[in-house]
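Computed from heavy atoms alone, side chains included, the values below leave out hydrogens, waters and symmetry copies.
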Amino acid sequence: MSSSLCPIAYHSHISGWNRVSLADERLKYSKANSPCEFTRLLGVGREQYCRYAWSKVINSTKQSKAPSAWQAIGKRQSGKPVTSLVDFKLQAEGYLKQEGRRVCSLDVFLSPNQFFDWRNTKQLSQLHANWIDIDTVEHAILSLQEQEQIIAQVLQIIDETELPAPTGFVTSGSGGLHLYWIYQGIPAYKSNVALWRELATSLSKSLRDKRPESASWVVDFKASHDPARVMRLPGTFHSGSGRQVQAYVGGRLYEFHQLAALLLGSEKIIEACQSQNQVVRELKISPTKKSAHKMPDKSPGKHTIGQWWFRVYTQICTHARRNGVSLGQRDYYAFMLYVALRHIKPTKEEALATVSELNKEFIHLTDDELKAYLKTAHQKGYKYRKDTLAEYLESNLGISSGFLYLNTPRPLSANEIKSRQQNAAKQTAEKRCDRTLASLKAAMQKLVEARLKATQEAIASLANRSVRTVRRYWRELLNEMRTFAPSLYIPAPEVLSSCL
């Protein structure tokens with residue numbers, strides 16, 4: 001790694017956190033002496049609960065003694081078995097074709113944050129860092145020289161946009177890198193997790209907005225905005241390139257709320273603390289008391305899940321047709337459109353067929369790529385909370401999520417629904433009567449113009465209606481017949497009376 005990477009500078013006093021000129025002080029990143037020098041900053045090895053490691057080279061089977069690709073290190077709240085990081089690396093053994101030998105620690109990933117038991121957002125116990133995942137375009141394998149150019153370019157953007165300097169970064173092995181803003185572990189309260197997501201959004205959008213159009217890198221929003229994500233572990237090997245994942249240090253350790261204040265402003269911190277304190281107060285007041293609010297009755301006037309997802313579907317399609325779909329967003333568009341259509345269409349096959357048509361129209365993935373991206377969504381029916389979906393739309397697709405929070409119309413009462421149904425039925429019946437009478441009048445006029453007797457049977461036959469129907473409208477037809485021009489043939493009164 002060249003020592004000429006773009007420097008980032010800050011005052012060393014925690015209380016100040018003021019930006020200083022690069023001429024006054026310079027901060028450079030250097031390769032960590034060992035992978036532990038970086039992982040110790042994240043508290044790896046000192047877990048209060050557990051972290052999760054994953055490797056795709058560990059082939060899990062249904063046999064009870066077979067190792068799992070997902071394993072926990074530390075201590076699980078349920079008391080279930082855990083492993084050590086060293087043992088997991090030994091299990092992740094595979095053939096490295098670039099060197100022509102078998103190695104351990106192949107494609108090993110580890111979660112920077114901690115969990116109580118299982119790896120999902122609800123089980124988060126402690127937050128240790130925010131990170132931004134920088135991927136190469138189309139996940140290409142780049143040379144070391146190209147990798148250094150990406151690092152220098154990304155750090156230059158951080159400097160020019162006056163973002164806080166990362167504590168360090170990890171080169172993934174393919175040419176991309178993972179930037180880390182590390183702080184002492186804090187409890188993963190809902191307010192803190194929400195703040196974590198805002199930090200991730202602020203950091204990733206700042207880099208995306210300043211990214212040159214010709215750049216060979218993109219920001220992976222999905223990986224950067226998931227606090228339960230696993231990231232490549234320094235010291236392990238990348239199977240695609242054969243290179244070792246390297247860690248670089250030199251930045252400062254932050255405090256979570258100070259980092260949030262730098263990026264989002266002090267108002268966000270006050271708001272988060274107030275939210276957290278409110279939750280604590282409510283728990284202290286009535287820890288077991290059930291809510292006194294009566295749940296509203298279900299009303300047929302409310303929108304259904306299908307209608308709600310149809311709004312999402314139409315917004316995505318409209319945005320894509322209006323603005324186009326970039327190369328880095330194609331998988332996100334295909335995935336979310338398919339998820340929405342699974343809630344709209346009666347079968348998976350119909351949803352897949354519709355996505356295939358949309359893919360030909362504006363996404364432009366190959367058939368194999370489309371199937372690969374939709375594989376998990378095809379197997380599992382995804383359901384998203386409103387806030388999670390809003391973040392996905394804004395972060396991955398660049399679509400404003402305001403339409404998700406628009407007030408829905410007041411649900412109609414049972415009496416209002418019945419009244420509207422009656423009025424609609426009455427209007428429909430009146431329109432049907434008008435159409436029937438018009439067709440009968442037209443048939444009668446044709447008979448009269450042809451100098452034929454306009455009997456009920458003749459009108460019914462010509463209008464393709466039943467005689468009983470003509471009989472119901474006969475008085476209106478007689479009134480209409482008397483208004484015809486004198487030149488038209490009109491049956492004698494006795495003929496008309498005989499038809500009554």
Of Tyr29, Phe38, Trp131, Trp181, the residue whose pairing with Phe169 passes ring-ring contact (aromatic ring centres under 6.0 Å, His included): Tyr29
side-chain contact (heavy atoms from CB on, under 4.5 Å) evaluation trace for Lys56 with Ser239: CA-CA 10 Å; Lys56 64 182 179 182; Ser239 61; 4.0 Å; yes
SB check Arg330 Glu138 (cutoff 4.0 Å): yes
Side chains of His178 and Ile134 in contact at under 4.5 Å (non-hydrogen atoms): no
Audit row: Asn130, Trp196, side-chain contact (heavy atoms from CB on, under 4.5 Å) steps and yes/no: CA-CA 7 Å; Asn130 277 82; Trp196 188 99; 3.3 Å; yes
Electrostatic pair Lys75-Glu47, nearest N-O below 4.0 angstrom: no
Evaluation steps, side chain to side chain donor-acceptor pair (under 3.5 Å), between Ser204 and His225: CA-CA 9 Å; Ser204 56; His225 293 190; 2.7 Å; yes
CA sep, side-chain torsions, deciding dist, call: Arg40, Val44, side-chain contact (heavy atoms from CB on, under 4.5 Å): CA-CA 5 Å; Arg40 274 198 298 265; Val44 176; over 6 Å; no
Check: Ala72 main-chain N/O paired with Arg51 side-chain donor or acceptor under 3.5 Å: no
Between Glu357 and Thr354: side-chain donor-acceptor atoms closer than 3.5 Å: no
Interatomic spacing from OH in Tyr248 to OH in Tyr180 - rounded to 0.5 Å: 15.0 Å
Residue pair Leu106 / Thr236, side-chain heavy-atom distance below 4.5 Å: no
Separation between CZ of Arg197 and OG of Ser224, rounded to the nearest 0.5 Å: 12.5 Å
Test item: Leu144 and Glu148 side chains (from C-beta on) under 4.5 Å apart, heavy atoms: no
Full working for side chain to side chain donor-acceptor pair (under 3.5 Å) between Tyr333 and His319: CA-CA 10 Å; Tyr333 270 93; His319 188 272; 3.0 Å; yes
Of all pairs that satisfy salt bridge (Lys or Arg N to Asp or Glu O under 4.0 Å), the ones with a partner from residues 200-212, not counting sequence neighbours: none
Flag, side chain of Ser401 to backbone of Leu404, donor-acceptor distance under 3.5 Å: no
Main-chain N/O of Gln71 paired with Thr83 side-chain donor or acceptor, under 3.5 Å: no
Aromatic ring pairing Tyr392/Phe335, orientation class (parallel under 30°, perpendicular over 60°, tilted between): tilted
Lys/Arg N to Asp/Glu carboxylate O, Arg232 vs Asp107, below 4.0 Å: yes
Where Leu179 and Pro166 come nearest, the two heavy atoms and their spacing: CD2-CG, 4.1 Å
Spatial distance of atom CG (Leu341) from atom OH (Tyr313) [nearest 0.5 Å]: 5.0 Å
Residues, nucleotides or ligands: over 12 heavy atoms within 6.0 Å of Glu361 CD: yes
Heavy-atom side-chain proximity of Leu358 to Cys317 below 4.5 angstrom: yes
Separation between NE2 of His257 and CG of Leu195, rounded to the nearest 0.5 Å: 6.0 Å
Ser111 side chain to Val230 backbone, donor-acceptor under 3.5 Å: no
Check: Asp117 side chain, Ser78 main-chain N or O, donor-acceptor pair, under 3.5 Å: yes
Test item: side-chain donor near acceptor, Ser419 and Gln422, under 3.5 Å: no
Distance (rounded to the nearest 0.5 Å) between Phe310 CZ and Ile344 CD1: 6.5 Å
pair Met336-Ile316: side-chain heavy atoms closer than 4.5 Å: yes
For Ala200 against Ile132, the heavy-atom pair lying closest together: O-CD1, 4.0 Å
Among Leu370, Thr366, Leu365, side-chain contact (heavy atoms from CB on, under 4.5 Å) partner for Asp368: Thr366
pair Leu389-Trp308: side-chain heavy atoms closer than 4.5 Å: yes
Donor on one side chain, acceptor on other, Gln149 and Gln153, under 3.5 Å: no
Check: Ile141 main-chain N/O paired with Thr136 side-chain donor or acceptor under 3.5 Å: no
Student check: side-chain heavy atoms of Leu253 and Ile182 closer than 4.5 Å: yes
Atom CZ of Phe362 with >12 non-hydrogen neighbours under 6.0 angstrom: yes
Minimum heavy-atom distance Gly173-Ser241, with the two atoms named: O-OG, 2.7 Å
side-chain contact (heavy atoms from CB on, under 4.5 Å) assessment of Tyr332 paired with Ile363: CA-CA 10 Å; Tyr332 296 124; Ile363 301 178; over 6 Å; no
Gln184 backbone acceptor or donor facing Tyr254 side chain under 3.5 Å: no
CG-CD distance between Leu127 and Gln114, expressed to the nearest 0.5 angstrom: 10.0 Å
Sidechain-backbone polar pair: Glu416 side chain, Ser413 backbone, donor-acceptor under 3.5 Å: yes
Stepwise side chain to side chain donor-acceptor pair (under 3.5 Å) check, Thr171 with Gln246: CA-CA 5 Å; Thr171 56; Gln246 302 286 351; over 6 Å; no
Arg311 side chain to Phe403 backbone, donor-acceptor under 3.5 Å: yes
Contact summary for Gly175 and Leu142, nearest pair of heavy atoms: CA-CB, 4.3 Å
Nearest heavy-atom neighbours spanning His238 and Gly240: ND1-N, 3.0 Å
Under 3.5 Å donor-acceptor, His128 side chain and Asn113 backbone: no
Minimum-distance pair of heavy atoms, taken over all atoms of Leu374 and Ala334: CD2-O, 3.4 Å
Note, Tyr49 side chain near Gln123 side chain (heavy atom, < 4.5 Å): no
Lys80 atom NZ: more than 12 heavy-atom contacts under 6.0 Å: no
Step-by-step side chain to side chain donor-acceptor pair (under 3.5 Å) determination, Ser84 to Asp87: CA-CA 5 Å; Ser84 66; Asp87 289 339; 3.1 Å; yes
